[in-house]
Amino acid sequence: MPNRGPSDTGAGAEPVPGTGHRHRLRWWTELPLLLLVYLAYSAGRLLARGDVSTAVDHGLAILRAEKALWLNAEHPLNRLFTEHAWIGVPADFWYASLHYLVTPAVLIWMFRSRRVHYRAARTWLLLSTFIGLIGFTLVPTCPPRLLDATHGFVDTMAQYSAYGWWGTEASAPRGLGGMTNQYAAMPSLHVGWALWCGVVLWRHGGRGPLMRTAAVAYPLITTVVVMGTANHYFLDAVAGAAVMGAGLLLTAPGLRFVDRLRARYATARAEAMTGVVPGATAGAVTGHGRAAGADPVRAPAGVAVRAGTGGSSPVVGGGCQTAAGERIPRQRKQSAEHGPRSSEAGDGSPAPAR
């Protein structure tokens, strides 16, 4: 079991590079962000509806590609699910529900128990989802269940619709089929999100056998389910895994970009609150009566200069820490007895006190 620091238990805060501040993750900011992204994703799926004939052509092209690669896992799995209701019905429930339950549950668990890793995991998921949305837009694909019956596929969701809340249009509830895009099959984000859950559980869920088994089984079973229910091709599942890989590669650069923006915002906000504007000190008059950036005033030879003053505040008396014009005790007496030491002080030494 990995050790958990304070930030793993929900009290952690992430440092913002370039500032002295730490950014705390709050559920009331994370929840609206995730809801906004999901609504954008759902709306994007609807807007990405392409021509049906184009989607069918893409689906048939995938079948031909799989045939050329000697891949044909969809047909035997689909026959198994349609011939045995005790397999097909649970598979339909798996497809229609776990996609929307397990992923948020893992996100919440990461936020509460592994917060130091939550931000990277959340960013990985969001970036991958947006990449998948690009795929839906560019490559609308007809799933196997919507192909002509001559291709040998049966829609198990329609066959077993009496057992669940879904109708004949994908996994949408009855009467709401028009609110989903049935041709958003490439890539399979069912498989992509399941893979994300598996990787997160494997990396952060400890070394217990139950957690490790769930981390491996969930994405594998999901891959079998999407093919057995005729909702996706095998290459859709491969594309879903590739999308998650691309999102993972973009996570670190994306976080650095957001951190730079946050650091600039924090700096600008601090300057606005304190009234300090960048570059305002250039040419401004300092407390010593000279403009910043001007040549420093050189102290007379033999007179020590206070460190950090830039030569504008000489220290009379060498090693003694006194201000300009302040006399050292017995200075008048010593000056009268010994007189000026021009040979030691040099031409620029101050005149003896009178």
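The figures that follow rest on heavy atoms only: side chains count, while hydrogens, waters and symmetry mates do not. This chain uses plain numbering: 1 for the first residue, then up along the sequence.
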[Y] reachable from [X] in the ILVMFWY side-chain graph, under 4.5 Å edges:
X: Leu249; Y: Leu133; result: no
X: Val199; Y: Ile108; result: no
X: Leu147; Y: Tyr183; result: yes

Quick one: side chain to side chain donor-acceptor pair (under 3.5 Å) partners of [X], sequence neighbours excluded?
X: Thr229; value: Asn231
X: Asn78; value: none
X: His75; value: Asn72

Quiz item: If you draw the axis of the six-membered ring of Phe111, does the NZ or CZ of Arg115 fall within 45° of it and under 6.0 Å from the ring centre?
Solution: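 Yes, a cation-pi geometry.
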Exercise. Give a yes or no answer on whether the side chain of His190 reaches the backbone of Tyr95 with a donor-acceptor pair at less than 3.5 Å.
Key: yes
Quiz item: Backbone N or O of Tyr100 within a donor-acceptor pair of the Trp193 side chain at under 3.5 Å?
Solution: no
Using the side-chain contact (heavy atoms from CB on, under 4.5 Å) criterion, which residues pair with [X]? Sequence neighbours excluded.
X: Val139; value: His58, Thr141, Met186
X: Phe257; value: Arg260, Leu261
X: Ile134; value: Leu138

Practice problem: Starting at CZ of Arg114, measure out to NE2 of His204 and round the result to the nearest 0.5 Å. | Solution: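 The CZ atom of Arg114 sits 8.5 Å away from the NE2 atom of His204.
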Quiz item: Can you pull the side-chain hydrogen bond (donor to acceptor under 3.5 Å, both in side chains) pairs that have at least one residue in residues 82-92, sequence neighbours excluded?
Solution: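 Those involving residues 82-92 are Asp92-Thr156.
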Exercise. Just grab all the ring pair (Phe, Tyr, Trp, His ring centres under 6.0 Å) pairs involving residues 229-254, residues at least two apart or on different chains.
Key: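 Residue pairs with at least one partner in residues 229-254: there are none.
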Side-chain donor-acceptor pairs of residues 211-223 under 3.5 Å, sequence neighbours excluded:
| residue | atom | partner | partner atom | Å |
| --- | --- | --- | --- | --- |
| Arg212 | NE | Gly206 | O | 3.3 |
| Thr213 | OG1 | Pro209 | O | 2.7 |
| Tyr218 | OH | Leu98 | O | 3.4 |
| Thr222 | OG1 | Trp94 | NE1 | 3.1 |
| Thr222 | OG1 | Tyr218 | O | 2.8 |
| Thr223 | OG1 | Pro219 | O | 2.8 |

Practice problem: Determine the sole option in Asp57, Leu71, Asp236 for which the side chain to side chain contact (heavy atoms under 4.5 Å, CB included) test with Ile62 is passed. | Solution: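 Exactly one candidate clears the test, Asp236.
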